[in-house]
Amino acid sequence: MSVVLNAPVFAEVPPAPFRPGPAGTHITIRGLTKYFAGWPLYENFDLDIPKGKIVSVFGPNGCGKSTLINMVAGLIPIDAGQILFDGKSLKDTKIGYVFQNYREAMFPWMRTIDNIAYPLKLEGRSKAEVDRRMAELVASFDVKFDLNRFPYELSGGQQQTASIMRALAPGPEVLFLDEPFSALDFEMTLFIREKLQEVFLQTGTTMLLVSHDLEEAVYLADEVLLLTKRPTRVAEILRYEDPRPRTVETLSTDSFVRTKKLSLEIFQREVRR
Ligand SMILES: Nc1ncnc2c1ncn2[C@@H]1O[C@H](COP(=O)(O)OP(=O)(O)OP(=O)(O)O)[C@@H](O)[C@H]1O
Ligand SMILES: [Mg+2]
């Protein structure tokens, strides 16, 4: 007889009535459960993500930051639970995703401009509409490099700029970013971080950002979502409300320093637990 240890049983749990989030909530996660190889990563996990805000996800290595945003973005299936966007399911929601590894994110056989326009073409937009949207994107990103080049002809920062442009091209309701700066050098990181903030100020797109750099996570965030070790729970959610655009001066404000220190304390507490 074979015995499967830790095999999760989901079917017997009747679905709880859906509990909506507070006013201003965009994404509602209820009862999210995910097992890998019989071990729980998330169990009955609830979270409300506010609309038109940037939420930075921070937590110990391997706690499930990427898995969380990938489940919300529909890239990884969930075992149980519900995720709604303004009360709608994912299939009725337009999302964008920026991958950490920009080198593998673009189609190498397409010019950069065609990579960016690709999701617009998939939506069946006319050539005139595609051209208009591309002109808007180029203006808002203040692109200084040649979009007619192939991705591999661009620098890392330029490629990641193009990836972000592609993700934003269709005007997503939510933008997911998993460590979008981690493969970039410092100068490019600063540049793209500012671009992202500018785009956020222009569009107010809800953003869910995974970052392993605490300073960056706080700098960009309206909320810092601190996670525990697995099985993963919310350790704490810190609001950070300094006005935008945030600048180098922001880094020395009392509120920034306090939020960063508190985030670090919570992180260390969770790592040691
Ligand atoms: N396909 C998979 N099969 C089995 N285990 C997995 C799989 N994907 C992720 N895991 C495990 O789930 C946990 C969470 O992984 P995830 O990549 O989401 O963590 P993370 O917080 O993004 O980590 P990092 O800080 O390293 O980016 C890890 O322990 C990982 O080993
Ligand atoms: Mg990760």
Side-chain angles (χ1 to χ4, degrees), residues 4-10 27 29-49 54-83 90 95-105 156 159-160 163-164 167 174-186 188-189 192-193 196 206-221 223-238 260 262-273:
V4 181
L5 293 173
N6 299 309
V9 179
F10 304 116
I27 308 172
I29 302 174
R30 293 291 178 271
L32 176 66
T33 298
K34 179 72 183 173
Y35 277 65
F36 277 125
W39 291 97
L41 182 59
Y42 289 94
E43 261 190 326
N44 217 3
F45 180 89
D46 292 349
L47 180 66
D48 297 313
I49 295 167
I54 302 182
V55 175
S56 293
V57 186
F58 196 77
N61 270 356
C63 75
K65 302 177 290 293
S66 299
T67 305
L68 178 64
I69 75 162
N70 290 339
M71 289 189 294
V72 178
L75 300 179
I76 294 182
I78 65 177
D79 292 329
Q82 246 187 317
I83 303 173
L90 177 67
I95 62 160
Y97 194 109
V98 178
F99 295 89
Q100 173 180 7
N101 191 349
Y102 56 81
R103 287 188 203 289
E104 285 166 17
Q159 287 181 56
Q160 195 58 311
S163 304
I164 297 176
V174 186
L175 183 65
F176 299 91
L177 306 108
D178 189 1
E179 306 209 18
F181 313 112
S182 61
L184 302 178
D185 65 27
F186 186 60
M188 265 304 153
T189 298
I192 307 239
R193 210 191 270 178
L196 199 62
T206 302
M207 295 191 191
L208 203 49
L209 166 82
V210 176
S211 172
H212 67 265
D213 178 325
L214 186 55
E215 178 159 294
E216 171 179 291
V218 176
Y219 179 77
L220 286 170
E223 281 188 1
V224 185
L225 168 64
L226 293 148
L227 297 174
T228 66
K229 284 200 287 197
R230 65 185 293 184
T232 310
R233 290 168 293 101
V234 173
E236 219 135 328
I237 296 175
L238 300 180
K260 193 179 154 196
L262 189 53
S263 301
L264 185 58
E265 285 165 3
I266 296 163
F267 174 78
Q268 285 176 326
R269 180 189 80 199
E270 292 305 327
V271 169
R272 290 193 192 116
R273 199 193 280 272

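Values in this document were obtained by computation on a predicted structure and should not be read as measured data. Hydrogens, waters and symmetry mates play no part in the numbers below; they use all other heavy atoms, side chains included. Start at 1 and go down the list; that is how both ligands and their atoms are numbered.
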(request) Could you tell me whether C63 and ligand 1 have an N or O pair separated by under 3.5 Å? (result) yes
(request) I would like to know whether F267 and V224 meet side-chain contact (heavy atoms from CB on, under 4.5 Å); could you show each step before the answer? (result) CA-CA 11 Å; F267 174 78; V224 185; over 6 Å; no
(request) Apply side-chain contact (heavy atoms from CB on, under 4.5 Å) to the pair F181 and D213, showing each step before the final yes or no. (result) CA-CA 9 Å; F181 313 112; D213 178 325; over 6 Å; no
(request) Mark the output for R230 as yes if a heavy-atom distance to ligand 1 is under 4.0 Å, and as no if none is. (result) yes
(message) We want to know whether D79 and Y42 form a side-chain donor-acceptor pair, criterion being a heavy-atom distance below 3.5 angstrom.
(response) no
(request) Using 2.8 Å as a strict upper limit, say whether an N, O or S atom of S66 approaches the Mg ion (ligand 2) that closely. (result) yes
(request) Quick one: look up the protein heavy atom nearest atom 15 (O) of ligand 1 and list residue, atom name and how far away it is. (result) T67 OG1, 3.7 Å
(request) Around atom 27 (O) of ligand 1, find the nearest protein heavy atom and jot down its residue, atom name and distance. (result) E179 OE2, 3.8 Å
(request) Show your reasoning for whether side-chain contact (heavy atoms from CB on, under 4.5 Å) applies to M71 and L32. (result) CA-CA 9 Å; M71 289 189 294; L32 176 66; 3.5 Å; yes
(message) I need the nearest protein heavy-atom contact for atom 20 (P) of ligand 1: residue, atom name and distance, please.
(response) K65 N, 3.5 Å
(request) Do me a favour and list the nearest non-hydrogen protein atom to atom 1 (N) of ligand 1 with residue, atom name and distance? (result) F36 CE2, 3.6 Å
(request) Would you confirm whether K229, through its side chain, and P60, through its main-chain N or O, come within 3.5 Å as a donor-acceptor pair? (result) no
(message) Among S66, G62, G64, A37, which one puts a heavy atom closest to atom 17 (O) of ligand 1?
(response) S66
(request) Keeping the roles fixed (side chain from Q160, backbone from P180), state whether a donor-acceptor pair exists under 3.5 Å. (result) yes
